[in-house]
Each structure stands twice: as structure tokens, then as C-alpha cells.
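This report concerns only the one structure given below.
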Amino acid sequence: MRRRCPVVIDPAGTDIHAEGARIRANGSVSQVELPGGVLAWSVTGQQVARKVLSDQRFSKDPRKHWTDYLEGRIGQDFPLIGWVLMDNLTTAYGSDHSRLRKPCANAFTPRRVEALRPAVERAAVELLGELATVSPTESVDLKARYAHPLPSRVICDLFGVPEEDREEMLRGGEVNVDTRVSAEEAAANVERWHQQMLDFIEEKRRNPGPDLTSDLIAAQQAEGSRLTDSEMVGTLHIMLATGTEPVKNLIGNAVFALLTHPEQLDLVRSGRAGWDDVIQETLRMQAPVAHLPFRFAVEDVDIDGVTIRRGDPLLVNFAAIGRDPDVHGDTAAEFDITRADKEHLSFGHGVYRCIGQPLALREAEIALRMLFQRFPNLVLAVPPEEVTPQPTFIMNGLDTLPVLLKGRA
Ligand code: HEM
């Protein structure tokens, strides 16, 4: 078995791609040290990731399969404790996972998503209209004013979350991926969003509506998919969080890539490439979910020259996987929408594969197309190196995206 010094993960996510390259240099499955000094495995190779993601010898349930947690060595002082305490698809395994996935699995089929197109376009029109009131010479944060509110509006509408509660109910998902927060903050965050979601569900029980939360409540008691209240709350949390955070990253990362590669934007404008090329290349090169906790070996697993011991944690490094040089060669780190092979695993693979992929793709396509139609002279308001990443190693997005909407005056 290879023994190399584990790469210490930067909780601020200052440069996740340089970090990913260092992890890969130790092997496509190699050890990392997480905040709190916890050792885990990180998978950076695309081929081996496919195997891991479809291997039932990896569980996602820390409360059943993480030896150090079960034996008390991981406690409330672990900074990523939020990823242990959640009770939802993110922490479920086997029949529990199928039971939790069932009521959500068909919420975002391509047909249903097509029916959502007018709602997504309406949200885009409204947000772009609000942006149009900003002076062309004023720097505006496109993440706060467009990339975030577009998917959050859509998902909150779908789940019937009242306007006035949205900011609070989405905060739990944001804090959950902020890997700088202390263990106390992480645990308090779980408690806070748990209570918020519980109150919301109680309200929906009293006053059901034509929304997915009411559907979930109805499905709660259905044969074969009985969800506890804690699982309902966890499910709602993950749907609101995943419905917003990675989509926001995809839109923001794509806009940034295009503004820093104007010749590629021209290819789309002239019809020589499509929005789908931009979206797939952004997903590959800037995976919106970067380095995802957790999986646990349910028995000793030999993989790619290493043995992962039963009960040991593993993270899937989607950000590094999209840039695997064995698949994409020397140009893996370059943004090139004309690349023939844009293969990535950024929506996952196997039984945990993303439920929201059709929605995310539709939202990104509408968001980008309508943004560049409305503001064809969009430019960054600062030099690219001043656009900094969101402080997290779990997700891959921008902290802010300052732009001038109508070009330089
Ligand atoms: C660009 C946007 C998105 C990206 C990159 C993304 C990425 C992912 C990835 C990598 C996984 C697999 C996790 C694993 O293997 O452990 C996943 C799962 C999931 N995603 Fe997404 N996602 C996106 C958007 C969405 C949206 C819009 C929704 C729904 C509203 C959603 C809901 C989910 C759910 C519920 C799961 C858990 C599935 C399961 O465990 O069975 N995602 N996503």
C-alpha cells in the first residue's frame, strides 16, 4: 500500500484546483486531512470514481458506518459535524436510501422540467428587469442579483416557501457548505434549519397547497416510502439547498469563464457552438460540487492500489475528476467549449446520481441565454484575479461576481 503524506485540506477553499492536483499527485485514491485533523480518502481519478460511485460497499450513512463516529472519536467538535447530523439522502444507505429517494425521484424528470420552463423564464425576465435599472457604470454583483436568486426563486416557488421566509430557510444550506465555520456554528446551524423546516412542514400540514412540500407530506405516509419527521425535514433541506447552491455556482462559473474567454462567447453568438457546450465544459472544468463528504467503506475495499479500511471515510473530488489528465490530457485545466470530449461526473453516477440534473441544465441554459441577450456588452468590473472563490472546499463557486452590465462607459 502506498504511504504518502496526506494533503491538508484548506478550509477556506482558496485554490481547490491546485489542491486537487496535489491530492492526485499522491494517487487517484489518496489520503487527505480534513478540518479537525480527521483523515479521509479523496478520489480524484475519473475511472476509479465511477467504480466507487457504483460500489455498494460504500455507504453514505455515518451513523451506521463511520467507525470513529460510532466509537466516539468524532464528536460535536468536528467542524463538518453538519454532514453527520443531517438525516436525508446525503446520509442514507441501502434500503433507507431507496425509501428516501422514492418520493423525490420523479420531481424533476425532463417532461416536468419542460413544464417549468415558463416559470424559469419569468424569474429570469424579472431579475434582468431589476438589473436593467442599475447604472451601466456601477459595479453589480451578478451572483447576488442573478445567479443565486434565479434558482432559489424557482425551487422556493416549487416547494411553496413564502417570500418572507426564503432568506432564512436557504441560509442553512449556505452555512452547511461554508467550511470555515466552527464546529459550534455547524451544529447550531443544523439545529436552526431543522426547527425552521419543521415549523414550515407543520404549517403545510395545516394548509396544504399545489406545491412539492405538500406532495412530500402526502407521500410521507405512502406504502414503501414512510418518512420520519426528521427525514422529511432533512429532505426538504437538501432539496432547497441543492436546488440553489450548485446551480448558482454553475451559472456564476459559466459567466466568469465566458467573460474571461470572450472569443468563446463569440462562438456561441455566431452559432458555431451552443449553450450546451458552455454548460458541459463549465461542469467539467469547474464542477459546482467540488469535494463531497462522505462515503464510508462497509468492509475493507481494495481499490486502485490502496486498501480502504472498513469504517473509513472517503470524499469524491468532482472538481479534480473533471480535470483528470488521463481523460482530458494536458489541456484538462483549460476552458474550451469546442473540446470534443467534455466528459465529467459532476452530477454524480450510480444510485446517488443527481435528481435535479434536468432542472439544473434547463435553468443554466435559460439564465445564460437571456443574460447575454439582454446585456450583450457585459464585462467584469474588476480584473479576473480579484474575483475570489466562495470560502468552501465542498462547493466550487465565486464569492462575488462584480460586473458592469452594459460594457465600460
Ligand atoms: C449544477 C447543478 C447541480 C450539480 C452539479 C449537482 C451535483 C450533484 C451530485 C454530484 C450529486 C451526487 C452526490 C453523491 O454521489 O453523493 C447530487 C445529488 C443530488 N442532487 Fe444534485 N446537483 C445539481 C443540482 C441539483 C438540483 C437543481 C436539485 C434539485 C432540486 C438537486 C438535487 C439532488 C439530490 C436530491 C441529490 C441526492 C440524490 C441521492 O442521494 O440519491 N441537485 N447532485
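Values reported hereafter were calculated over all heavy atoms of this structure, with side chains retained and with hydrogens, waters and symmetry mates removed. Indexing begins at 1, ligand by ligand and atom by atom, following the structure's order.
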| query | Can Arg22 and Asp10 be said to form a salt bridge (charged side-chain N to carboxylate O under 4.0 Å, His left out), step by step? | reply | CA-CA 12 Å; Arg22 285 201 302 280; Asp10 169 13; over 6 Å; no
Pair Glu185-Val175, side chain to side chain contact (heavy atoms under 4.5 Å, CB included): steps then yes or no: CA-CA 9 Å; Glu185 285 171 282; Val175 178; 5.6 Å; no
Worksheet item: What do the steps show when you test Arg309 against Asp300 for salt bridge (charged side-chain N to carboxylate O under 4.0 Å, His left out), and what is the final call?
Response: CA-CA 4 Å; Arg309 296 276 171 224; Asp300 287 0; 3.0 Å; yes
message: For a salt bridge (charged side-chain N to carboxylate O under 4.0 Å, His left out) check, start with the C-alpha distance between Glu174 and Arg171, then their side-chain angles and the critical distance, and finish with the verdict.
response: CA-CA 5 Å; Glu174 283 164 32; Arg171 185 161 302 136; 5.4 Å; no
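Against a heavy-atom cut-off of under 4.0 Å, Arg295 is close to the following atoms of ligand 1: 14 (C), 15 (O), 16 (O). If you number the atoms of ligand 1 from 1 as listed, the ones under 4.0 Å from a heavy atom of Val289 come out as 7 (C). In the vicinity of Phe108, heavy-atom distances shorter than 4.0 Å reach the ligand 1 atoms 29 (C), 30 (C). Using a 4.0 Å cut-off to heavy atoms of Met239, the atoms of ligand 1 that qualify are 30 (C), 35 (C). For ligand 1, the atoms sitting less than 4.0 Å from at least one non-hydrogen atom of Ala360 are 1 (C), 2 (C), 24 (C), numbered in the order shown with element in parentheses. Near Phe318, the atoms of ligand 1 lying under 4.0 angstrom from a non-hydrogen atom of the residue are 10 (C). Close approach of ligand 1 to Val351 is summarised as follows: ligand atoms under 4.0 Å from at least one heavy atom of the residue are 41 (O). Close contacts of ligand 1 with Ile155, meaning ligand atoms under 4.0 Å from a residue heavy atom, involve 30 (C).
One N or O on the side chain of Thr213 and one on the backbone of Phe159 form a donor-acceptor pair closer than 3.5 Å. Distance alone, capped at 3.5 Å, is enough to place a donor-acceptor pair between the Ser98 side chain and the Gly94 backbone. Remark: side-chain polar atoms of Arg24 are not paired, donor with acceptor, to backbone N or O of Gly45 under 3.5 angstrom. Remark: side-chain polar atoms of Arg284 are paired, donor with acceptor, to backbone N or O of Gly322 under 3.5 angstrom. Panel note: side chain Arg339, backbone Thr331; a donor-acceptor pair is recorded below 3.5 Å.
Residue contacts with ligand 1 leave out Thr235, since none of its heavy atoms falls under 4.0 Å from the ligand. Residue contact annotation: Gln357 has no non-hydrogen atom under 4.0 Å from ligand 1. For the ligand labelled ligand 1, residue Lys60 lies inside the 4.0 Å heavy-atom shell. Contact annotation: His97 has at least one heavy atom less than 4.0 Å from an atom of ligand 1. Residue contacts with ligand 1: Pro288 is included, with a non-hydrogen atom under 4.0 Å away.
If you check each of Leu212, Leu250, Asn88, Val154 against atom 1 (C) of ligand 1, the one with the closest non-hydrogen atom is Leu250.
Looking at Thr242 against ligand 1, both its backbone and its side chain come within 4.0 Å, counting heavy atoms. Residue contacts with ligand 1 for Val316 are absent, since no atom lies close enough (heavy atoms, distance under 4.0 Å).
Considering backbone and side-chain N/O atoms, Thr90 never comes within less than 3.5 Å of an N/O atom of ligand 1.
Remark: Arg111 CZ is loosely packed, at most 12 non-hydrogen atoms of other residues, nucleotides or ligands lying under 6.0 Å away. In the displayed structure, Glu203 atom CD is contacted under 6.0 Å by more than 12 heavy atoms of other residues, nucleotides or ligands.
Taking the centre and axis of the six-membered ring of Tyr93, the NZ or CZ atom of Lys64 falls outside the cone set by 45° and 6.0 Å.
A ring-centre distance under 6.0 Å is found for Trp66 and Phe78.
Nearest to atom 36 (C) of ligand 1 among the protein's heavy atoms is Ile355 N, 4.2 Å. With respect to atom 12 (C) of ligand 1, the closest heavy atom belonging to the protein is Tyr352 O, 3.4 Å. Counting only heavy atoms of the protein, atom 37 (C) of ligand 1 lies nearest to Leu89 CD1, 4.0 Å. Of the protein's non-hydrogen atoms, Cys354 SG, 3.1 Å is the one closest to atom 22 (N) of ligand 1. At the top of the distance list for atom 6 (C) of ligand 1, counting protein heavy atoms only, stands Phe347 CD2, 3.7 Å. Annotation: atom 28 (C) of ligand 1 to nearest protein heavy atom, Gly356 CA, 3.4 Å. Closest protein heavy atom to atom 13 (C) of ligand 1: Leu292 CD2, 3.4 Å. Here the protein heavy atom with the shortest distance to atom 5 (C) of ligand 1 is Ser346 O, 3.4 Å.
For the residue pair Ser182 / Glu184, a side-chain donor-acceptor distance below 3.5 Å is found, with atom types taken as modelled.
In plain terms, the two heavy atoms of Leu240 and Met169 that are nearest each other are CD1-CE, 3.9 Å.
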